[in-house]
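What follows is a set of notes on a single structure, which appears directly below.
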Amino acid sequence: MHKWYYVDDYHYLTPFYSPCITDRCVAGSAEFGTPLPKFWLIPEAAFTLPFLLLFRLTCYYYRKAYYRAFWLSPPACAVPDAHQKYTGETRFPLIFQNIHRYAFYAAGIISLINTWDAIRAFHSGDGFGFGLGNIVLVGNVVMLWLYTLSCHSCRHIAGGRLKHFSAHPVRYRFWTFVSKLNTRHMMLAWITLGTLALTDFYVMAVAADWFPDLRFVG
Amino acid sequence: MGTKRHFRVWRGDDSGGDIQDYDVEVNDGEVVLDIIHRLQATQTPDLACRWNCKAGKCGSCSMEINGMPRLGCMTRMSTFEETETVTITPLRTFPVIRDLVTDVSFNYEKARETPAFAPPVGVAPGEYRMQQVDVERSQEFRKCIECFLCQNTCHVVRDHDENKPAFSGPRYFIRAAELDMHPLDDREDRKEYAQAKQGLGYCNITKCCTEVCPEHIKITDNAIIPMKERVVDRRYDPLVWLGRKIFRRDQLDEPAYTPAPAHSAGSSVPSVHTEGTPFTSGRRGEGAPVRDDGRMDVAELALPTQGGPSPFGDQEFPLPPGHLNYDPPAHD
Ligand code: SF4
Ligand code: SF4
Ligand code: FES
Ligand code: FES
């Protein structure tokens, strides 16, 4: 823990530690300053990690998945659910699923930060650099954007809330675009889980010298 | 020529019943409803079952086939193995009347409690103009054939009778969404209504309604989640709240229709009948016409009109206000 999250040579930072804001962060990785003290309970990305988790926890797709798989309400369609009483998302604590909107705004900002990280990673040491790690980082960011944009909250904000599409042609087109992504939300949810893990693993492996980064330029 | 296959059908009435075994001939191209008809024609003339169109368009023949809510007329026998036993039971969520026929009045009560279309003020019927892009979303929900398979599958009421008073079910969520997205609908409080009176919060978006809908309406993705998001707009969204405070305006509250100056006769949003359920603008359930002593006539033939009032001769226009299930706008 708290190691191998950053490759100084190539400026690779794993998304789980971005932005790095505790005193523990090494110079190059802390793009946004280090306002927090180092303390083992505080994660390096204290400002973003909780929101990232919240975003996925309240995601309409993940909700469906874990309600079915773990909560067993219902375990499958037309199968008796295992509960004496059922109140759904009407009261504490599940009514808090409604904060998905906040988490979505946060996730948008986090995606921006991750994009910045991916761009910064092209600037390694003393100039332009390009390696397999860059492809991993950029691939991850692209997928993250697709996942974030395909969010049901995003679809709603983009145009779903309007009553008159005809009066808002631009938002209507945006809504149509998001709707198309939205039908693949489940797939994107799993893909990004994979790319996040892969990116984290790749950066860790390179930082820990398990294998060298495959460099094309620089 | 057909083969004999094994079937198990629930037989009984509101006092109870059990599953009985039958061996029935099955021919190429047949559907489950055909088998029921063959049963009625051969071994069990008294087997009760609802059906009408045999084309998946009337929504009458809902039943549970091997535990899955399906339309009997749209379930092909070729989807089962030759040797597979097919078990047919009535819808589980609604009380049984007899055999495969259930009492689905729960749905009609919920339909009545759902506020009807509120016509825009100052626009006479016949003057409504809408653009296709604006009504497109609502049109998806008009495909509903009211088979109530979604209502039956939804786990909120399927095993929880106690939730029935508070929960309207997916079929009425799509109705709410349809009207809330309708370009000319004049009601502003459908989101609040859906949350407070229809029990939108009970839904945990597990999508079983979408899975069983024979019309392939994306109930959860296109109606329930958008309605939940609209509720969030009103109650939980930080930016919308801030926007309201700062700019004192909000897109959300754009009027459904800006009346043309010529038609400014109308007053405000039409009020609703509040008898019974608050908010409801629907009619109460109507029984058959009765005599002065409160009893029905022996023969329908003795009634002033046979059957319900029809527009062909026995009905005066405009309809008396009590006979409308919506609130007509004032216009001259
Ligand atoms: S998505 Fe909601 S309304 Fe549909 S079946 Fe599931 S709980 Fe019921
Ligand atoms: S929404 Fe689909 S499943 Fe539900 S009543 Fe309508 S057609 Fe049937
Ligand atoms: S992220 Fe899945 S619905 Fe918002
Ligand atoms: S008989 Fe009409 S839908 Fe099956």
Side-chain angles (χ1 to χ4, degrees), chain A residues 59-69 71-91 94-102 104-105 151-157 159-169 171-172 175-176 179 182-183 185-186, chain B residues 64 67-69 92 130-137 152-160 162-163 166-167 180-185 195 199-209 211-212 218 220-222 225-226 228-233 235-240 251-252 254-257:
Chain A
C59 161
Y60 286 98
Y61 166 68
Y62 283 109
R63 263 147 82 181
K64 172 199 164 195
Y66 63 68
Y67 282 143
R68 281 201 189 189
W71 214 278
L72 301 183
S73 73
C77 296
V79 170
D81 71 5
H83 301 267
Q84 283 290 319
K85 234 163 103 22
Y86 174 85
T87 53
E89 301 180 342
T90 52
R91 55 184 66 170
L94 290 184
I95 195 162
F96 279 103
Q97 301 285 27
N98 283 315
I99 58 176
H100 187 58
R101 183 75 58 83
Y102 291 74
F104 166 72
Y105 291 138
C151 167
H152 285 275
S153 287
C154 177
R155 185 178 182 221
H156 173 78
I157 296 164
R161 61 194 301 199
L162 298 172
K163 223 175 163 88
H164 299 269
F165 280 153
S166 56
H168 304 271
R171 289 182 70 181
Y172 175 59
W175 177 82
T176 317
S179 297
N182 181 261
T183 56
H185 192 60
M186 171 175 89
Chain B
E64 301 198 356
M68 208 49 198
R92 180 190 164 96
M130 293 168 252
Q131 296 197 26
Q132 180 56 32
V133 287
D134 291 340
V135 278
E136 232 155 36
R137 273 183 305 175
N152 170 60
T153 316
C154 181
H155 70 106
V156 176
V157 284
R158 188 174 170 90
D159 292 295
H160 296 281
E162 72 279 6
N163 285 341
F167 185 70
D180 204 43
M181 294 171 183
H182 193 293
L184 287 183
D185 180 71
Q195 185 79 344
L200 187 65
Y202 280 84
C203 166
N204 67 357
I205 53 157
T206 36
K207 291 201 178 173
C208 290
C209 46
E211 269 180 38
V212 298
K218 298 273 172 291
T220 320
D221 281 351
N222 287 348
I225 294 177
K228 284 196 177 231
E229 285 293 316
R230 282 162 187 245
V231 172
V232 169
D233 263 350
R235 311 182 67 167
Y236 309 105
D237 185 294
L239 291 192
V240 170
Q251 266 244 315
L252 247 193
E254 59 181 334
Y257 183 86

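Note: hydrogens, waters and symmetry copies are ignored here, and every other heavy atom, side chains too, is used. Every chain is numbered from 1 and lettered A, B, ... according to where its sequence line falls, protein lines coming before strand lines.
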If only atom types and distance count, is the side chain of A:K64 paired as donor or acceptor with the main-chain N or O of B:K207 below 3.5 Å? no
Give the C-alpha distance, both sets of side-chain angles, the deciding distance and a yes or no for side chain to side chain donor-acceptor pair (under 3.5 Å) between B:D159 and A:H83. CA-CA 9 Å; B:D159 292 295; A:H83 301 267; over 6 Å; no
Who among B:K218, B:R137, B:K228 has the most heavy-atom pairs with chain A under 4.5 Å? B:R137
Out of curiosity, A:T90 OG1 to B:F167 CZ, how far, rounded to the nearest 0.5 Å? 10.5 Å
Indicate the atoms forming the closest heavy-atom contact of A:H152 with B:D221, along with that distance. CE1-OD1, 3.4 Å
Taking all atoms of both residues into account, what is the closest heavy-atom pair of B:M68 and A:A78, and its distance? SD-CB, 4.5 Å
Between A:T183 and chain B, with a heavy-atom cut-off of 4.5 Å, which part of the residue counts as in contact: side chain, backbone, both or neither? neither
Full working for side chain to side chain contact (heavy atoms under 4.5 Å, CB included) between A:D81 and B:H160: CA-CA 9 Å; A:D81 71 5; B:H160 296 281; 3.2 Å; yes
Just wondering, do B:P183 and A:H164 contact through their side chains at under 4.5 Å, heavy atoms? yes
Under 4.5 Å between any side-chain heavy atoms of A:K163 and B:M181, yes or no? no
Chain A interface, residue from B:I205, B:L200, B:V212 that has the most non-hydrogen pairs under 4.5 Å: B:I205
In plain terms, say whether B:E162 and A:K85 are close enough for a salt bridge, that is, a side-chain N and a carboxylate O under 4.0 Å apart. no
Quick check: closest heavy atoms across B:P226 and A:H156, and the distance to 0.1 Å? O-ND1, 4.3 Å
Salt bridge flag under 4.0 Å for residues B:E229 and A:R101: yes
Any chance OH of A:Y66 has more than 12 other-residue heavy atoms, nucleotides or ligands included, within less than 6.0 Å? yes
So which heavy atom on B:E211 is nearest to which on A:C77, and how close? OE1-SG, 3.3 Å
Between the main-chain N or O of A:F165 and the side-chain N or O of B:D134, is there a donor-acceptor pair closer than 3.5 Å? yes
Residues, nucleotides or ligands: over 12 heavy atoms within 6.0 Å of A:Q84 CD: no
Of all of A:P74, A:A76, A:G160, A:G88, which one pairs up most often with chain B through heavy atoms under 4.5 Å apart? A:P74
Can you say whether A:R155 sits under 4.5 Å from chain B via the side chain, the backbone, both, or neither, judging by heavy atoms? side chain
Going by the angle between their ring planes, with limits at 30° and 60°, are A:Y86 and B:H155 parallel, tilted or perpendicular? perpendicular
Between A:R63 (side chain) and B:N204 (backbone), is there a donor-acceptor pair under 3.5 Å? no
Please flag which part of B:E136 lies under 4.5 Å from any non-hydrogen atom of chain A: side chain, backbone, both or neither. side chain
